[in-house]
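Input: a single structure, listed below in structure tokens.
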Amino acid sequence: MTTETSPDSNPLVQAKIDNLHKLEALGVAPFPYRFDPTHHAADLQAEFINLENGAETSIQVRIAGRIMSIRNSGMFIDLRDGSGKIQVFSHKSVLSPEKLAEIALYDLGDIIGVEGLVRRTPRGELTINAQDVILLSKSIRPLPEKFHGLSDVEIKYRKRYLDLITNDASMDTFRKRCQIIRFIREYLSDQGFLDVETPMLHPIPGGASAKPFITHHNTLDMRLYMRIAPELYLKRLIIGGFERVFEIGRCFRNEGMSIKHNPEFTTVELYQAYADYNDMMTLTENLVCGAVKATHNGLTKVTFGEHEIDFTTPWPRKSMHGLVAEKTGVDFMAIPDATEAAKAAEKLGVYIKPGAKWGEVVETVFGDKVEAELIQPIHVTDHPKDISPLAKVHRDNPLLTERFESYANAWEIGNAFSELNNPFDQLDRFRKQVEAREAGDEEAQMLDADFVEALEYGMPPCGGLGIGIDRLVMLLTNSQSIRDVIAFPTMRPKD
RNA sequence: GAGCGCAUAGCUCAGAGGUAGAGCAUCUGACUUUUAAUCAGAGGGUCGUGGGUUCAAAUCCCACUGCGCUCACCA
């Protein structure tokens with residue numbers, strides 16, 4: 001092993017490597033093997049919250065963490081562990097001159113272990129009076145500035161570890177992400193849903209309308225697609241006899257990136273036999289409101305930007321065409337002809353692409369005129385059949401489906417249907433998608449004959465629901481960009 | 001994919017044609033109960049890359065690269 005080849009010729013790096021060599025000369029191992037902490041900083045802060053200023057205890061603890069700040073020539077060190085920060089006090093009345101000389105060679109960013117007694121300084125800072133200090137890992141690169149932290153967004157995303165080291169808020173976001181996913185997993189498991197895994201490599205990408213990533217398997221010499229949704233495999237499990245299944249996992253879509261889109265993103269999809277979309281609305285409310293409570297101390301209100309969003313259940317349920325009629329005064333249900341509907345839309349100032357189907361017109365008007373106002377949680381129901389190839393036709397109206405999308409903060413956060421289980425209808429819908437595809441719609445779905453065959457064996461009536469986890473995490477952590485809730489967002493290589 | 005904006009020391013940022021600046025960090029010294037510790041001193045830069053205009057470019061112009069925002073497609 002050598003320390004000759006430094007990462008670069010930066011003198012700041014060289015100074016730390018020099019300190020490493022000086023420590024080695026003192027017989028200090030810069031990268032030892034293990035340490036046994038007895039406590040975390042936050043536990044101690046909580047446990048001794050009532051310890052008075054100036055009080056000393058004889059309670060001995062071991063802690064470990066990264067040096068974030070050094071004051072008074074090493075006498076005071078702020079240590080940061082996975083839970084928070086705590087101050088370490090190293091005094092010549094306790095530690096040997098040799099140990100003090102060693103501490104003097106520690107740098108910001110080094111990871112150390114400390115054994116000592118708990119006290120609170122006269123100024124009120126909970127502190128460990130060190131009886132022994134040990135270097136656990138030497139750092140040889142300078143940390144971002146201690147007060148402002150790291151604010152260059154490009155470095156935050158490319159080198160997330162630096163963001164996490166310096167920005168507590170960023171660490172909180174990823175902890176909340178974990179809490180949200182854990183809540184969903186536990187809630188669904190408690191409701192009898194089976195936690196399953198289905199393929200991410202699909203011979204035919206299905207379950208959504210999106211452009212897939214294409215890859216290739218060498219041994220099979222076949223084209224495979226990264227999944228755009230797990231839907232069709234989860235339904236095959238329902239056909240197989242599992243009555244409730246869910247999957248939390250990654251989907252991949254080869255589309256534009258934005259503040260709300262990353263090429264890989266996480267969804268929860270679930271299917272419940274013998275349920276319909278009304279049941280899915282209730283389940284959506286329970287999942288989302290429960291996730292809010294799990295991350296907001298049991299409260300159901302969230303602040304996002306300038307809005308306060310109240311997730312208290314139940315949420316309103318309004319049809320897409322009804323909301324459009326409310327907002328524009330135009331009842332598209334009375335204009336079931338695509339051409340006439342397009343004329344009506346254009347009269348409202350909404351551009352409709354040539355050849356749009358009736359349902360696409362309704363959806364476009366909804367997107368232009370209504371969507372932006374849906375700040376408080378709401379279920380938008382009964383989407384047109386033309387835009388919902390996997391949803392069951394509405395029991396009261398053949399133009400519509402039993403589908404809903406849940407909105408909050410003007411974002412779609414959930415999408416659900418009474419699942420289509422009629423194999424004749426499904427085949428017909430697939431064929432219409434194939435026609436659209438052949439007409440140039442790259443995002444129209446492919447015909448999955450194997451899935452249709454599976455349906456032919458019989459799928460029970462079934463409710464299905466998908467929720468975008470990343471956007472939910474954004475909402476519940478007041479994050480303005482999806483890159484703030486994905487630890488390693490997709491970035492173009494720098495060089 | 002299109003439009004607009006940003007890129008200066010390890011980090012956070014000033015500088016807008018005339019010798020490259022500050023704070024933190026680093027190094028040297030002082031200081032052993034500090035809290036963004038303090039005090040004195042020092043070092044640190046191909047101003048994203050490549051062209052151009054000019055006596056002179058971090059600064060003006062062009063191209064490129066990366067990032068951000070808005071729009072389009074979408075969750």
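Heavy-atom basis, side chains included; hydrogens, waters and symmetry copies ignored.
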Whole-Å distance, A:E231 CD to B:A75 P, equals 12 Å
Does the base of B:U33 carry an N or O that pairs as donor and acceptor with the side chain of A:T127 under 3.5 Å? no
Side-chain N or O of A:R123 versus OP1/OP2 of B:U33: is the shortest distance under 4.0 Å? no
May I ask you to evaluate whether A:S151 reaches the phosphate of B:U12, defined as a side-chain N or O under 4.0 Å from OP1 or OP2? yes
How far does the C1' atom of B:G48 sit from the matching atom of B:C55, given to the nearest Å? 28 Å
Quick check on B:A36: is either OP1 or OP2 less than 4.0 Å from any side-chain nitrogen or oxygen of A:R71? no
Any salt bridge between A:K392 and A:E402, counting N to O under 4.0 Å? no
Quick one: side chain to side chain donor-acceptor pair (under 3.5 Å) partners of A:N415, sequence neighbours excluded? A:R403
So, OP1 or OP2 of B:U35: does either fall under 4.0 Å of a side-chain N or O from A:K146? no
Any-strand Watson-Crick or G-U partner of B:C60, both distances under 3.5 Å: B:G52
Examine B:C69: is either OP1 or OP2 under 4.0 Å from a nitrogen or oxygen in the side chain of A:R483? Give yes or no. yes
B:U34 base / A:Q87 side chain donor-acceptor hit below 3.5 Å: yes
Side-chain N or O of A:N10 less than 4.0 angstrom from OP1 or OP2 on B:G10? yes
